[in-house]
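Here is the structure we will look at, set down as structure tokens.
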Amino acid sequence: MTSPATNAATMTMAQALNTALRGAMREDRDVLVLGEDVGTLGGVFRITDGLAAEFGARRCLDTPLAEAGILGTAVGMAMYGLRPVVEMQFDAFVYPAFEQLVSHVAKMRNRTAGRIALPITIRVPYGGGIGGVEHHSDSSESYYAHTPGLHVVTPATVGDAHGLLRAAIASNDPVVFLEPKRLYWSKDEFAPTDTPVPPIGRAVVRRTGASATLLTYGPSVPVCLEAAEAAKAEGWDLSVVDLRSLVPFDDETVCAAVRATGRAVVVHEASGYAGFGAEIAARVSERCFHHLAAPVLRVTGFDIPYPPPMLERHHLPGVDRILDAVARLQWEQ
Amino acid sequence: MTSPATNAATMTMAQALNTALRGAMREDRDVLVLGEDVGTLGGVFRITDGLAAEFGARRCLDTPLAEAGILGTAVGMAMYGLRPVVEMQFDAFVYPAFEQLVSHVAKMRNRTAGRIALPITIRVPYGGGIGGVEHHSDSSESYYAHTPGLHVVTPATVGDAHGLLRAAIASNDPVVFLEPKRLYWSKDEFAPTDTPVPPIGRAVVRRTGASATLLTYGPSVPVCLEAAEAAKAEGWDLSVVDLRSLVPFDDETVCAAVRATGRAVVVHEASGYAGFGAEIAARVSERCFHHLAAPVLRVTGFDIPYPPPMLERHHLPGVDRILDAVARLQWEQ
Amino acid sequence: MTLLDDSSTPVLVWTPGAHGPRRDPAPLLPDPEPFRMLGTEAAAELDADLLRGLYRRLVLGRRYNQQATTLTKQGRLAVYPASTGQEACEIAAATALRETDWLFPSYRDTLAAVSRGVRPVEALTLLRGDAHSGYDPYEHRVAPLSTPLATQAPHAVGLAYAAQLRGDDLVAMALVGDGGTSEGDFHEALNFAAVLNAPVVFLVQNNGYAISVPLAKQSAAPTLAHKAVGYGISGRLVDGNDAAAMHIVLSESVEHARSGCGPVLVEAVTYRLDAHTNADDATRYRSPEEVAAWQAHDPLTVLERHLREHGLLDDTGVAEAAEAAEELAAEMRAEFHTDPLPDPLSLFTHVYAEPTSQLREQAAELRAWLTADAAGAPTAVPKRRR
Amino acid sequence: MTLLDDSSTPVLVWTPGAHGPRRDPAPLLPDPEPFRMLGTEAAAELDADLLRGLYRRLVLGRRYNQQATTLTKQGRLAVYPASTGQEACEIAAATALRETDWLFPSYRDTLAAVSRGVRPVEALTLLRGDAHSGYDPYEHRVAPLSTPLATQAPHAVGLAYAAQLRGDDLVAMALVGDGGTSEGDFHEALNFAAVLNAPVVFLVQNNGYAISVPLAKQSAAPTLAHKAVGYGISGRLVDGNDAAAMHIVLSESVEHARSGCGPVLVEAVTYRLDAHTNADDATRYRSPEEVAAWQAHDPLTVLERHLREHGLLDDTGVAEAAEAAEELAAEMRAEFHTDPLPDPLSLFTHVYAEPTSQLREQAAELRAWLTADAAGAPTAVPKRRR
Ligand SMILES: Cc1ncc(C[n+]2csc(CCOP(=O)(O)OP(=O)(O)O)c2C)c(N)n1
Ligand SMILES: Cc1ncc(C[n+]2csc(CCOP(=O)(O)OP(=O)(O)O)c2C)c(N)n1
Ligand SMILES: [Mg+2]
Ligand SMILES: [Mg+2]
């Protein structure tokens with residue numbers, strides 16, 4: 001998706017994330033990585049591969065198996081001036097650390113009137129589509145987005161994975177960095193050195209169309225782009241907006257894209273009910289009310305616990321369900 | 001708010017909750033209460049007052065101070081056929097139990113294909129307005145509402161406090177029972193024996209008006225009713241819908257009330273961003289699109305950590321902010 | 001009898017004059033060396049049938065692990081965390097419990113479940129991917145496999161407490177790994193069990209690793225069994241590769257709990273001979289020499305050697321056990337031969353006792369899509385509902 | 001030096017031949033009786049200036065607790081959890097640390113913060129209700145008071161580890177209550193500290209109750225200090241009402257941690273003489289006799305008696321200390337005389353380093369309402385923006 005640049009190479013999103021971590025650790029000795037299996041093993045997804053070898057076991061730290069302990073320890077490190085990057089092994093294993101996240105990480109700057117900043121990056125492989133057993137495919141972005149004090153970002157491209165991770169580590173606020181695990185092995189041409197670090201908080205229009213606008217993020221971005229291609233056959237020319245940042249929200253880009261078409265569909269993997277898509281739909285409905293020719297629809301996971309591998313394809317929003325929603329955008333009017 | 005009935009007495013919401021617990025424990029020996037300070041002390045809000053004396057320390061159990069342990073223990077009790085009622089001492093102290101809540105309580109029925117039911121009631125004193133120090137005034141309903149497998153209810157009247165708690169304890173599904181702590185001392189005439197147990201999942205229209213509809217729940221219900229009174233002076237006749245049940249959602253009642261006026265304002269204490277109001281606004285905007293004369297507006301807490309006592313009145317949605325939103329419902333059209 | 005008896009005497013607080021320990025820690029501490037039977041003189045006294053039974057179960061268990069691993073290679077199982085090398089622990093967890101007792105396994109413990117009577121295909125359903133839990137927990141009193149580590153430990157406490165409250169004779173056993181002991185839930189469960197005097201046995205299989213993380217990075221405790229004293233319960237240390245020792249220590253612990261003497265923490269020292277799962281590359285974090293050293297202490301080898309040395313097993317016995325194991329393997333292959341076809345609409349059936357109106361709407365949507373799909377919707381936008 | 005040194009030898013796994021404890025548990029166990037100085041013969045050797053200093057601090061501490069309690073009655077403080085009776089613990093936490101060290105207090109420990117130099121009005125801001133935390137944590141190296149129990153314990157570990165990584169000489173002390181030891185975070189913090197060999201001292205003030213819940217319903221451990229052995233660290237038991245013993249044990253523990261010998265868990269046996277907070281009714285869960293027994297063992301009485309008996313304190317000394325205490329009390333009254341007027345718009349300033357566009361919008365909204373309010377909007381709908 002990025003245009004070829006000097007010294008570009010084809011890499012996977014996993015490699016881009018690894019490159020980002022390595023670069024940040026080389027440039028700033030205050031950056032350190034901690035989590036379960038991040039050291040010797042390089043993480044179960046190999047995102048931290050080679051970091052312990054290059055930076056030592058104390059800067060790429062295999063911790064005991066306790067997520068509250070990991071995040072709580074990171075808080076103390078950050079209080080002392082380090083910039084910890086925490087790896088949570090899977091989405092559902094953030095939950096044991098929820099109190100640390102909500103009651104400390106999110107609130108520390110506020111409760112100390114700005115005296116303590118917590119530049120912590122919390123990397124969370126999230127989402128489904130990889131045939132994981134239960135507790136390995138959750139999309140928990142809504143919990144984080146509803147917690148003031150956290151930034152929440154999620155890349156959909158190899159380049160953004162690198163850039164947003166560098167931006168997250170550079171941020172003086174805690175960032176929940178959601179990595180769409182089924183895009184780990186997606187590939188793209190990409191030159192880490194040439195690629196500017198995108199500021200956190202900016203959405204990007206991945207495709208401009210005139211008929212309707214798909215609003216999405218993370219693992220659903222490629223699905224929406226595919227749907228937009230398929231929609232051509234129906235005579236629909238779809239815009240696709242990749243939010244990238246759930247907090248802060250890029251109202252400007254999103255509203256402009258919706259007003260331009262007057263129709264919008266929100267797409268994400270998480271269960272729809274009180275999901276992040278509700279916020280998108282509510283905002284857009286409020287802010288673009290008089291531009292809307294049809295209600296904003298949502299295509300999301302069902303309101304069920306994440307299903308077992310053999311059924312997950314029915315749960316995940318796919319091209320067909322997206323096109324079906326587009327078809328329901330009251331074209332007859 | 002309830003009409004006087006035979007053997008009615010004036011009681012506080014706290015007393016009604018206590019009455020409900022006592023009644024349930026008398027009728028069913030499988031009902032038991034556990035939590036921090038629920039025994040000898042009767043709970044910090046005295047909701048469990050006298051239960052240990054009547055039912056013994058093993059059925060009204062003072063536990064060690066560990067919320068995951070409390071909820072996890074309740075899971076095991078429920079697996080064995082008991083109907084545990086868990087008291088979480090304050091809203092923010094549910095967070096240590098978040099993993100048990102999300103990964104087990106919410107999912108157990110589903111992951112065992114219906115073989116294990118968990119009839120657990122999780123009582124959570126929530127919300128602000130009582131001058132509590134940090135971590136004592138959170139409105140965390142959005143986290144629970146977004147977690148499939150949980151029922152989420154919250155009473156706004158003395159009668160509903162009793163009825164909904166009885167319904168929650170009788171339910172074969174886990175229920176997060178949110179108690180608006182600033183309504184604990186609200187009083188009403190009420191007869192426990194005469195009052196039917198309202199089914200979980202039904203909203204109630206507290207006031208019918210023709211101009212616009214306020215959609216709200218829990219601690220904001222009395223505020224909305226007050227706003228509706230004040231609005232008369234402006235010539236607005238407002239409907240007020242008390243959701244009572246956030247999960248399941250009473251689409252029928254809510255949509256009918258919104259369609260009747262064509263204008264709606266959602267009111268809750270929690271931070272607005274990705275808050276439960278987003279779901280209400282998104283649903284209503286989608287389902288009542290062609291009936292809406294104006295966008296659905298939200299009046300909520302700001303997107304900030306809950307403020308210290310001396311500033312909380314600025315954060316909480318009050319009558320003025322609600323009327324201000326009503327004024328912005330594009331009456332000129 | 002218990003600390004929380006309704007009739008209990010006024011609660012004890014340390015008074016200025018009586019500050020000493022509320023209980024003597026000495027009896028709570030584990031032996032300095034893991035308890036062993038096989039290879040010791042005491043082993044000669046062991047019941048021959050017990051040992052032969054354990055042997056047959058071990059052989060079955062090993063074959064079970066092999067077959068399940070093979071099924072992953074054939075794509076019949078999505079993933080399999082083998083308990084190869086830990087079979088003595090898995091099996092003893094079953095032999096030490098009565099039918100009326102409960103087992104709370106962790107994700108690696110399908111063999112323990114199978115040893116309690118759960119059919120392999122049902123125990124492995126989670127790992128095949130057609131459903132989250134394939135067996136009825138009430139049938140053999142085996143809780144669903146717990147993937148979030150140590151989170152099932154408090155469930156065991158609650159269930160045991162509930163049984164006690166009803167006056168039922170029941171012990172609950174929770175299985176946790178060495179890594180799992182670091183989780184807060186492990187701590188809270190032990191503490192609750194101790195304070196409630198609930199009849200629970202916590203079995204920690206210390207196999208040296210949590211995926212790639214060795215014990216030395218997990219805990220600095222003298223032994224994991226030493227954690228018991230911090231809860232005021234008994235700690236036992238046992239050789240997890242000695243099936244006889246495992247059976248004895250767990251049986252004693254279960255009876256200790258059953259008789260109202262309180263929960264027990266048992267640490268079984270063992271080793272995971274296979275990788276974490278079939279998807280793991282164990283050579284990244286441990287040496288072939290280390291694995292070889294433990295292979296020499298394989299629970300099956302150790303027991304077989306003992307039996308042969310004591311004339312309790314001959315080639316016929318070995319062949320018989322192997323045959324039974326082959327039967328099990330054949331049964332597993334047969335069960336896994338066909339692909340399960342879980343019903344997509346089952347997604348909505350067990351979220352709540354009754355589906356909410358929201359779920360009914362969503363089920364209707366999915367049904368419509370499935371129907372359109374089956375009917376073969378127009379090609380331009382295939383499968384789309386019109 | 002530490003377990004995780006880059007250069008460390010290959011990780012130790014128990015090998016079949018060497019199954020015994022990886023470290024000897026004996027030295028980790030606490031003494032059977034709490035360590036005491038005052039009233040013992042050894043007390044005669046104590047430095048007189050140290051004791052007189054502790055006395056003055058105790059008198060100040062007691063007065064601080066009284067004044068703060070009075071402020072709640074006057075509505076100047078929203079709530080106050082007094083540490084009356086626990087002053088020796090609070091104070092020793094400060095005297096045992098160097099200026100460069102860090103303190104991680106729990107919600108009850110404002111006196112410990114004040115003893116490290118935080119101004120009372122700043123330490124009490126949280127409880128007055130004008131801001132969440134009134135002091136700059138970096139000024140006196142005191143972390144914000146932690147309301148969610150035990151959650152600050154892992155912070156202490158992380159900070160101590162970070163300092164170690166940078167080669168800075170620093171010890172972190174985390175204060176937890178007896179109730180707080182039941183939380184998972186307490187367990188995880190101790191384990192992390194032990195495994196990382198981080199210089200942390202965990203001080204548990206066992207005051208017998210968690211609100212209404214007595215220790216016997218909180219833990220069945222011989223003593224809470226016995227928990228140390230489960231993490232492979234040293235446990236110390238000390239009389240929390242003996243200021244000299246507290247100072248000595250904490251100083252030794254801090255130096256133990258500082259010198260790289262690992263974290264220490266100290267249990268101080270003490271008693272909360274006041275109710276949980278001014279809003280609590282302690283008569284619901286404990287007897288006047290019990291309170292009276294502890295009053296006789298009041299840390300202030302105990303130390304004063306010792307000083308007088310050894311001729312180290314006379315009426316002048318008592319009067320001087322009382323005078324200093326009255327000065328502190330007067331200062332507190334003066335500071336709390338005026339109502340703070342926190343700026344409503346400050347709500348938005350420290351959520352993020354830079355407010356998001358969402359927060360800027362919301363701040364503008366609030367500003368508009370406040371302006372309308374000040375301008376006196378029409379009466380029918382007062383304060384409403386038009
Ligand atoms: C709460 C939680 N965190 C992380 C994981 C991911 N995970 C799965 S297995 C494992 C290692 C478990 O080690 P141990 O407890 O020793 O059990 P073993 O695998 O050795 O049987 C990890 C970290 C998990 N399942 N649950
Ligand atoms: C995580 C959490 N759960 C519950 C509470 C509510 N609470 C406040 S103080 C307290 C008792 C604390 O007891 P202890 O740890 O012994 O400290 P003490 O009050 O005796 O100083 C409780 C339950 C809390 N603050 N945090
Ligand atoms: Mg292990
Ligand atoms: Mg206490």
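Here the structure is a predicted model, which means the values were calculated and not measured. Letters A, B, ... are given to chains in the order of the sequence lines, protein chains preceding strands, and every chain is numbered from 1.
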Note, [X] side chain near [Y] side chain (heavy atom, < 4.5 Å):
X        : Y        : result
C:Thr356 : B:Phe249 : no
B:Asp251 : C:Gln358 : yes
B:Leu32  : C:Tyr161 : yes

Of the backbone (N, CA, C, O) and the side chain (C-beta and beyond), which part of B:Leu71 lies under 4.5 Å from a heavy atom of chain C, both, or neither?
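Neither part.
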Interface moiety of B:Ala68 toward chain C, non-hydrogen atoms closer than 4.5 Å:
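Interface part for B:Ala68: both.
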Carefully, step by step, assess C:Arg166 and B:Leu82 under the rule side chain to side chain contact (heavy atoms under 4.5 Å, CB included).
CA-CA 10 Å; C:Arg166 286 209 181 149; B:Leu82 303 188; 3.9 Å; yes
What part of [X] is in contact with chain B, defined as an atom under 4.5 angstrom from a non-hydrogen atom: side chain, backbone, both or neither?
X        : answer
C:Ala353 : both
C:Asp136 : both
C:Glu361 : side chain
C:Tyr352 : both
C:Leu170 : side chain
C:Ala189 : neither

Tell me which of these, [options], has more heavy-atom pairs under 4.5 Å with chain B than the rest.
options                      : value
C:Leu359, C:Thr125, C:Asp168 : C:Asp168
C:His350, C:His187, C:His132 : C:His350
C:Val157, C:Leu347, C:Asp185 : C:Asp185

Heavy-atom count around B:Glu252 CD within 6.0 Å, excluding the residue itself: above 12?
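Counting neighbours around CD of B:Glu252, 12 or fewer heavy atoms of other residues, nucleotides or ligands fall under 6.0 Å, so no.
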Is it true that the side chains of C:Glu354 and B:Asn172 contain a donor and an acceptor less than 3.5 Å apart?
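No pair is found: no donor N or O on one side chain lies under 3.5 Å from an acceptor on the other.
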Can you tell me how far apart CD (C:Gln164) and OH (B:Tyr80) are? Round to the nearest 0.5 Å.
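If we round to the nearest 0.5 Å, C:Gln164:CD and B:Tyr80:OH are 11.0 Å apart.
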Which residues in residues 107-122 of chain B have any heavy atom closer than 4.5 Å to a heavy atom of chain C?
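Interface residues of residues 107-122 of chain B: B:Met108, B:Arg109, B:Asn110, B:Arg111, B:Thr112, B:Ala113, B:Gly114, B:Arg115, B:Ile116.
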Between B:Pro64 and C:Asn191, what is the shortest heavy-atom contact and its length?
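Shortest heavy-atom separation between B:Pro64 and C:Asn191 comes out as CB-ND2, 3.6 Å.
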Contacts table for residues 145-156 of chain C: side-chain donor-acceptor under 3.5 angstrom, sequence neighbours left out:
residue  : atom : partner  : partner atom : Å
C:Ser146 : OG   : C:Pro148 : O            : 3.1
C:Ser146 : OG   : C:Thr151 : OG1          : 3.0
C:Thr151 : OG1  : B:His104 : NE2          : 2.7
C:Thr151 : OG1  : C:Pro148 : O            : 2.6
C:Gln152 : NE2  : C:Phe104 : O            : 3.4
C:Gln152 : NE2  : C:Pro105 : O            : 3.4
C:Gln152 : NE2  : C:Leu175 : O            : 2.8
C:His155 : NE2  : B:Gln100 : OE1          : 2.9
C:His155 : NE2  : C:Thr151 : O            : 3.2

Would B:Leu61 and C:Leu196 count as a side chain to side chain contact (heavy atoms under 4.5 Å, CB included) here? Give the steps.
CA-CA 10 Å; B:Leu61 183 65; C:Leu196 301 176; 3.9 Å; yes
Start with the C-alpha gap between C:Glu188 and B:Ile70, add the side-chain angles, then the distance that decides, and say whether side chain to side chain contact (heavy atoms under 4.5 Å, CB included) holds.
CA-CA 9 Å; C:Glu188 299 186 13; B:Ile70 296 171; over 6 Å; no
